[in-house]
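Side chains are part of it too, since the values below use all heavy atoms of this structure and drop only hydrogens, waters and symmetry mates. Labels below follow one simple rule: chain letters A, B, ... track the order of the sequence lines, proteins then strands, and each chain is numbered from 1.
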Amino acid sequence: MRVIYSGFVVLGLLLLFSPQKMFSQNTAEDIIKHSNDLINQPSAEAVVKMIITTTSGKKRELKYKSYSIEKGKSNLIKYLFPKRVEGQSILMLNNADDIWVYFPRTNRVRKLATHAKRRKMEGSNFSYEDMGSGDSWVTDFEAKMLGEEKLRGKECYKIELMKKPKIESGYSRLIMWIDKSSYVPLQIDYYDEHDPKTKLKRLILGNIKEIDGIPTPMKMTMIDVQGDSQTEMEFESISYNVKLDKDMFTERGMKK
Amino acid sequence: MKILIISLILLSFFSVISLASDIEMGGYYEPQITSAFLKGDSYILFSNKIRVDLSAERNDNLIFRANFDFITYHGKTSWNILDFIPGKIANSVNTVLQPAFIYEYRDTVFLDNAYAKLSFSAFDLTVGKQQVSFGTGYTWNPTDLFNFKNSFDPTYEQPGHNSLRLDITLSEKYNASAIYFPEDDWSVSGKLLRFEGNLSHFDYSLIYAEKQWTYVDFISLRDINEKRKLFGGDFVGELFGLGVWGECGYNDMELGNNFYEALIGLDYTLKSGFYWMAEYYYNGFAKKDYRQYDINDWSRYILMQSKSIGRDNLSIYSDYPLTDLIDLENSVIICLSDNSIVFVPSIRYNIDEDVDLTVILNKFFGKDGTSYFETQGSGATVRLRVYF
């Protein structure tokens, strides 16, 4: 009897810690955390080219240098091109909850409130929130596994992220396709802040290369699914875990 | 002190000029048409401006920047200030004094900014002619003694001021700035001290500034000089999802009456990208009753020596991105003290990568004698800016 009872206990423990059970309880959050850690390295420095295709079909090219520390929680963007915006910089702290913009022509810094997170950055399809949200996938959203799907020939986890109550975000939910082998997100759909059924934008990530041992999508395209515009973002160079002075992420740092 | 600062500027200038091969050049060309259509008269002024920006960077610790402005004026270059003043007040000006109210736009070439910035881990030292502007307000800045914004076009760049500026990082959340604006001697030179901090999602600052304020008494046509001391502060942050900011300044005057100025602003961005903002500005220097406005009040306001003519002012601004390249903006400025309004709609169109077209219109609605009295008519500014 004791043996049978022990057998049940072992079986129960096995069931409790079986991969299936672990998958259903933790996997979505674990995957998101893994993917988030991959995208948001402790520090990074990059030169990025941005090509905006407007609704009228005109193209605009921008180039900027970006710096991030604290796993993407603090970000600094400095525009290099075109002349119209050269020297302009954007500082995003606390996952873009605090945003400052520096205008070199007037030598003024303007702080933007949280509602400005949803504003387009320099007319692109990327909002401030898209650029500086750091680990908000983990902190501001609840993850749920929707299943597995093949995308562009790669096996992916399909995960839904629902915005937690009282969180200020331009999106009510996200649906992500995350490559099972590398944990790199290959596609993200963004849904309306107040209507989780209305899709606003789709981000396609591609040209994945190993940089400093980290799989990195070198090209990202944000498509406005309700209009005809899109923005391509391409890393011209990127380095991870670089030494960046924290003083850079201040008003003084913005002006340098 | 002035000699010391000039020597520092020259020293910095020559140390950087030795790097001539590394100097980067940019700037913009800006043709502009400024017009005003008054009752029975019209003014159309054409201007061409070229701004040449120079920049040299030896390393992260030493930067030199300068810009030259070349401006030519054509068309109606002679503007009579009295045409923009209520008839009753304008007519009261003695005919002998009337030519003094003619403002001539003359072709000009000047060095707007030229400074060297030395950066160290704990502080930045900036020496030379540089833009110095503070305050969180958009349309008005009560804590800025050194600049006067055009409330119809508040984001236009401000001129440089010859000064010595020290910015110190005290800690991660606290900074301090000290600025000295040299004049003939220490007592009449401008001085500014500013302490800046951060509390949760709020930035705030405390400011002390003093300057020799020179303005014209348009009745006697004499320059008046008096020391003006400002004690003030500003903040910017967020409350109930709205952006909120404010400024307050107490002005201690050597000759005239002391006065307060205060500003409070709110803003919000809707889901559609529609942005709106409202600012209330109290100007204790201005009169409450429009029937007491005199030639001095009007002339100082038109020549941008005072920030508003009426005491209580409200500005409501909105911006809607019509397309990815076109922004529709509208500004309504209301003088609550005298119930007059001016509408300032504008369009900003990014024609090409480095080409912006801006059209700013204005239309006045108010009783004769009020801040925005109707017979001031309407006006337009058409500005093209081509960056190079």
Picking from D267(B), N175(B), D167(B), N113(B), which has the most non-hydrogen pairs under 4.5 angstrom with chain A? D267(B)
Side chain, backbone, both or neither: which part of N125(A) has a non-hydrogen atom closer than 4.5 Å to chain B? neither
Q130(B)/N107(A) under side chain to side chain contact (heavy atoms under 4.5 Å, CB included): CA gap, chis, key distance, verdict: CA-CA 9 Å; Q130(B) 57 192 296; N107(A) 194 28; 5.8 Å; no
Any chance you could lay out the side chain to side chain contact (heavy atoms under 4.5 Å, CB included) test for L242(B) and H115(A), step after step, and finish with the verdict? CA-CA 7 Å; L242(B) 295 169; H115(A) 59 77; 5.6 Å; no
Which bit of E251(A) comes within less than 4.5 Å of chain B, counting heavy atoms only: side chain, backbone, both or neither? side chain
SB check R252(A) D124(B) (cutoff 4.0 Å): yes
Verify salt bridge (Lys or Arg N to Asp or Glu O under 4.0 Å) between K271(B) and D192(A), making sure each step is shown before the conclusion. CA-CA 9 Å; K271(B) 196 176 73 175; D192(A) 186 278; 3.2 Å; yes
Side-chain heavy-atom pair Q131(B), R105(A) within 4.5 angstrom cut-off: no
E353(B) vs K83(A), side chain to side chain contact (heavy atoms under 4.5 Å, CB included): CA-CA, chis, key distance, verdict: CA-CA 9 Å; E353(B) 204 98 78; K83(A) 287 281 182 186; over 6 Å; no
May I ask you to name which of S133(B), P321(B), G241(B) has the most heavy-atom pairs under 4.5 Å with chain A? S133(B)
Between the side chains of D324(B) and K120(A), is the shortest nitrogen-to-carboxylate-oxygen separation below 4.0 Å, so that they form an ion pair? yes
Roughly how far, to the nearest 0.5 Å, is CG of N350(B) from CZ of R84(A)? 4.0 Å
Check for a donor-acceptor pair, side chain of R108(A) on one end and backbone N or O of T155(B) on the other, with a separation under 3.5 Å. no
Region of Y275(B) in contact with chain A, defined by heavy-atom distances below 4.5 Å: side chain
Atom of G237(B), atom of A113(A) and distance for their closest heavy-atom approach: O-CB, 4.5 Å
Just wondering, do W245(B) and R110(A) contact through their side chains at under 4.5 Å, heavy atoms? yes
Partner chain A: residue of V132(B), T169(B), T323(B), D327(B) with the largest heavy-atom pair count (under 4.5 Å): T169(B)
Cut-off 4.5 Å, heavy atoms of chain B, and the answer for R119(A) is side chain
Answer yes when E172(B) and K246(A) have at least one side-chain N-carboxylate O distance shorter than 4.0 Å, and no when they do not. yes
Is it the side chain or the backbone of F123(B) that comes within 4.5 Å of chain A heavy atoms, both, or neither? backbone
So does K58(A) have more than 12 non-hydrogen atoms from other groups sitting under 6.0 Å from NZ? yes
Once you round to the nearest 0.5 Å, how far does OG of S200(B) lie from CG of D97(A)? 10.0 Å
Top residue by heavy-atom pair count (under 4.5 Å) with chain A, among S55(B), A122(B), G26(B)? A122(B)
Starting at OH of Y128(A), measure out to OG1 of T269(B) and round the result to the nearest 0.5 Å. 9.5 Å
Heavy-atom distances under 4.5 Å only: say whether N61(B) touches chain A with side chain, backbone, both or neither. neither
One option among R65(B), R51(B), E238(B) has the most heavy-atom pairs under 4.5 Å with chain A, and it is E238(B)
Within a radius of less than 6.0 Å around NZ of K73(A), do more than 12 heavy atoms belonging to other residues, nucleotides or ligands occur? no
Side chain to side chain contact (heavy atoms under 4.5 Å, CB included) assessment of Y156(B) paired with T106(A): CA-CA 7 Å; Y156(B) 200 82; T106(A) 51; over 6 Å; no
Taking every non-hydrogen pair under 4.5 Å, which of S229(A), G123(A), P82(A) racks up the most with chain B? P82(A)
Under 4.5 Å from any heavy atom of chain B - which part of K117(A): neither
